[in-house]
Each structure stands twice: as structure tokens, then as C-alpha cells.
Amino acid sequence: MSDPPILKEPWELDVMREAGRIAAEALAQAIAAVRPGVSTLDVDRIAEGRIRARGAKPTFQGYPPHAGRYAFRHSICASVNEEIVHGVPSADRVLNEGDIFSIDIGATYKGYVGDMAVTVGVGRISAEAQRLVETTRESLEAAIAVMRAGARLSEVGATIEAYARRRGYSVVRNYCGHGVGRDMHEPPQVPNYFDPSFRLHDVVLKPGLVLAIEPMLCQGSEKTRTRPDRWTVVTADGKLSAHFEHTVAVTEEGPRVLTLP
Ligand code: MG
């Protein structure tokens, strides 16, 4: 959290709003295709088609730069059940009734990034899975509500953690939200939890600051591990995890969610 945040001009926020709208529309089309029997690669192709049709680029393709054959090659991260984030779309990964499916998507438009994620149920899902998904979405909404000018960054994570814990869930600590703009990952990092040491380098939220807020909640332990594919992050205990994300700007008028249709 050492580098200062990059504040955006109002015109930049308008471009980011367009990038966010494209991401949201592509995600909506992808979600509409989700049902038992569909592969995560099918969903990826639909998302990519919509992003490119709008004159934007899939942000995740080729990330990180200079990683060569180790770079991510897809337009969405497709994480099923115990997979938390960074799942790699595959024709072999077919969705089943009762799965929960996290789709993370990024669209780059006129050089600016919109980054968002949702978790959806495949067909009918269990009441326990539904509760996890709803709580994760609500924790994101609660976090966005505190993003007013003058608030502190640590309040965002504290809000998510408190919301999750009240309902018996843990919060992933190894991965976090981030500043976003011309780059998908800009300072500051946005932990989804609170640690008293954060106060030492806390950031005051100012108009023009844009953050990707992305709580990842777990049914069991927050401990993670990474699969041998080097990308897919899963819960160490194999229990379910859900993920929601929006790109949100701090403005004089309050938080502005940029990743809406
Ligand atoms: Mg993100």
C-alpha cells in the first residue's frame, strides 16, 4: 500500500463507465448461457464475443504482461464450487446442476479497464449455497456504501469482514481488491478484512479514486491453495466459496458503480 493511488479526472470516469458497461453487458450474456451441460469454455467464448463486438478488449487475455506462455489466455475467470478465483475456462469443465459458478470478467475500452465478478447458481442450488452467494453479494453492497470521500480504505475491508462473520463465513485473506484504471491492478490494494496494522498506512478516499472491490467468502476456512495449473485458487478444505466484484469510483456525490449494464 505504499504507492499513492492514481486519481482519475471526470472524463476518465466517463470512459471507465463505458468499459464497465461493456463488461456488465458481456457478463449478462454469459450468465444467460449458464445451465447444466454447458462448459466453462462455452461461457468464455460468449463473453469474449460480446466484449469484442463492442470494440473493447478482454482485459485478462495475455495477463500478466511478459508472462509468455504462462499468461492467462481467456476472457473470463471461471471458478466452480470450491474454486475461489482465477479458474481457467475449459471445454472439459462442464457445469452441473447445483454448482455455484463464479465468473470474473474484465473489459478494456479506450485504454481503461472495467473489472467485475458475480457468482451464479447452475440450475437449482442448495439453500446453504444460496445463502453464501447472497451474503457475498450483500457484503459487496455494504462495502460500496462506505466508499464516501473522507472515509478510510480500511473501513471497506472491515465492513466486508464484519458482514461475513456475522453470518458465519470466513473471508479470503490471500487475495484482495485493488485500484483500477489504465491498469487492471493499480495501488492501493484493498484487503477484504481489517488488521490494526492497516491504520499505519491507511488511505483516505478522495474523489477520482477508483477501486475494484471484490469480497471472496468461504463456507469453511479462508485458507487457500493453488492448483498445479498455476492459476486456479481453491479452498484448502474443499468447501464452497463465492465472489462478487464491482469497479467503483469515489465522487463528491458518493460512490459511483461503473460496472452496471
Ligand atoms: Mg479484480
Side-chain angles (χ1 to χ4, degrees), residues 1 3 5-6 8 13 16-17 19-24 26-27 30-31 44 47-48 51 56-65 67 71-79 83-89 101-109 111-120 136-137 139-141 143-144 147 153 156-157 159-160 164 171-193 203 205 209-218 222 224 226 231-234 241-250 255-260:
M1 287 199 206
D3 287 337
I6 303 164
K8 275 74 180 177
L13 296 187
M16 291 191 74
R17 174 72 186 98
R21 192 190 314 274
I22 293 166
L27 182 56
I31 292 167
D44 179 68
E48 175 170 7
I51 291 169
K57 284 192 295 196
T59 308
F60 301 169
Q61 279 186 17
Y63 190 88
F72 200 78
R73 294 183 309 171
H74 295 90
S75 302
I76 63 168
C77 293
S79 307
E83 296 168 357
I84 303 167
V85 285
H86 305 166
V88 181
F101 180 29
S102 301
I103 308 174
D104 195 342
I105 189 166
T108 304
Y109 181 70
Y112 288 85
V113 174
D115 187 6
M116 72 180 300
V118 297
T119 300
V120 295
T136 308
R137 181 176 50 73
S139 77
L140 172 59
E141 286 167 6
I144 291 170
M147 283 182 58
L153 184 64
V156 174
T159 299
I160 290 167
V171 174
V172 170
R173 297 169 83 93
N174 292 345
Y175 299 86
C176 60
H178 47 91
V180 55
R182 285 190 174 278
D183 286 319
M184 174 160 60
H185 294 125
E186 294 182 352
Q189 290 193 344
V190 186
N192 293 311
Y193 61 97
V203 170
L205 304 187
L209 179 63
V210 185
L211 302 175
I213 309 295
E214 49 179 322
M216 296 152 235
L217 270 53
C218 302
E222 75 274 17
T224 69
T226 304
W231 281 107
T232 312
V233 178
V234 299
S241 180
H243 178 210
F244 279 80
E245 176 178 27
H246 270 308
T247 297
V248 185
V250 178
R256 181 183 180 197
V257 179
L258 302 178
T259 36
L260 292 173

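In each ligand, atom 1 is the first atom listed, and ligand 1 is the first ligand listed. Worth saying up front: this structure is predicted, and the values here are computed from it rather than measured.
Excluding waters, the protein N/O/S atoms found under 2.8 Å from the Mg ion (ligand 1) are Asp115 OD2, His178 NE2, Glu214 OE2, Glu245 OE2.
Counting only distance, with no hydrogens or angles, the side chain of Thr119 and the backbone of His243 share a donor-acceptor pair below 3.5 Å. Judged by distance alone, with hydrogens and angles left aside, the side-chain atoms of Asn192 form a donor-acceptor pair with the main-chain N or O of Glu214 at under 3.5 Å. Using modelled atom types, no side-chain atom of Thr247 and backbone atom of Thr259 make a donor-acceptor pair closer than 3.5 Å.
Partners of Ser241 according to the side-chain contact (heavy atoms from CB on, under 4.5 Å) rule, which considers only residues two or more places apart in sequence or in another chain, are Ile84, Cys218, Thr235. In this structure, the side-chain contact (heavy atoms from CB on, under 4.5 Å) partners of Arg17, at least two apart in sequence or on a different chain, are Arg21, Arg256, Leu258, Leu260. Under the salt bridge (charged side-chain N to carboxylate O under 4.0 Å, His left out) criterion, Lys57 pairs with no residue, sequence neighbours left out.
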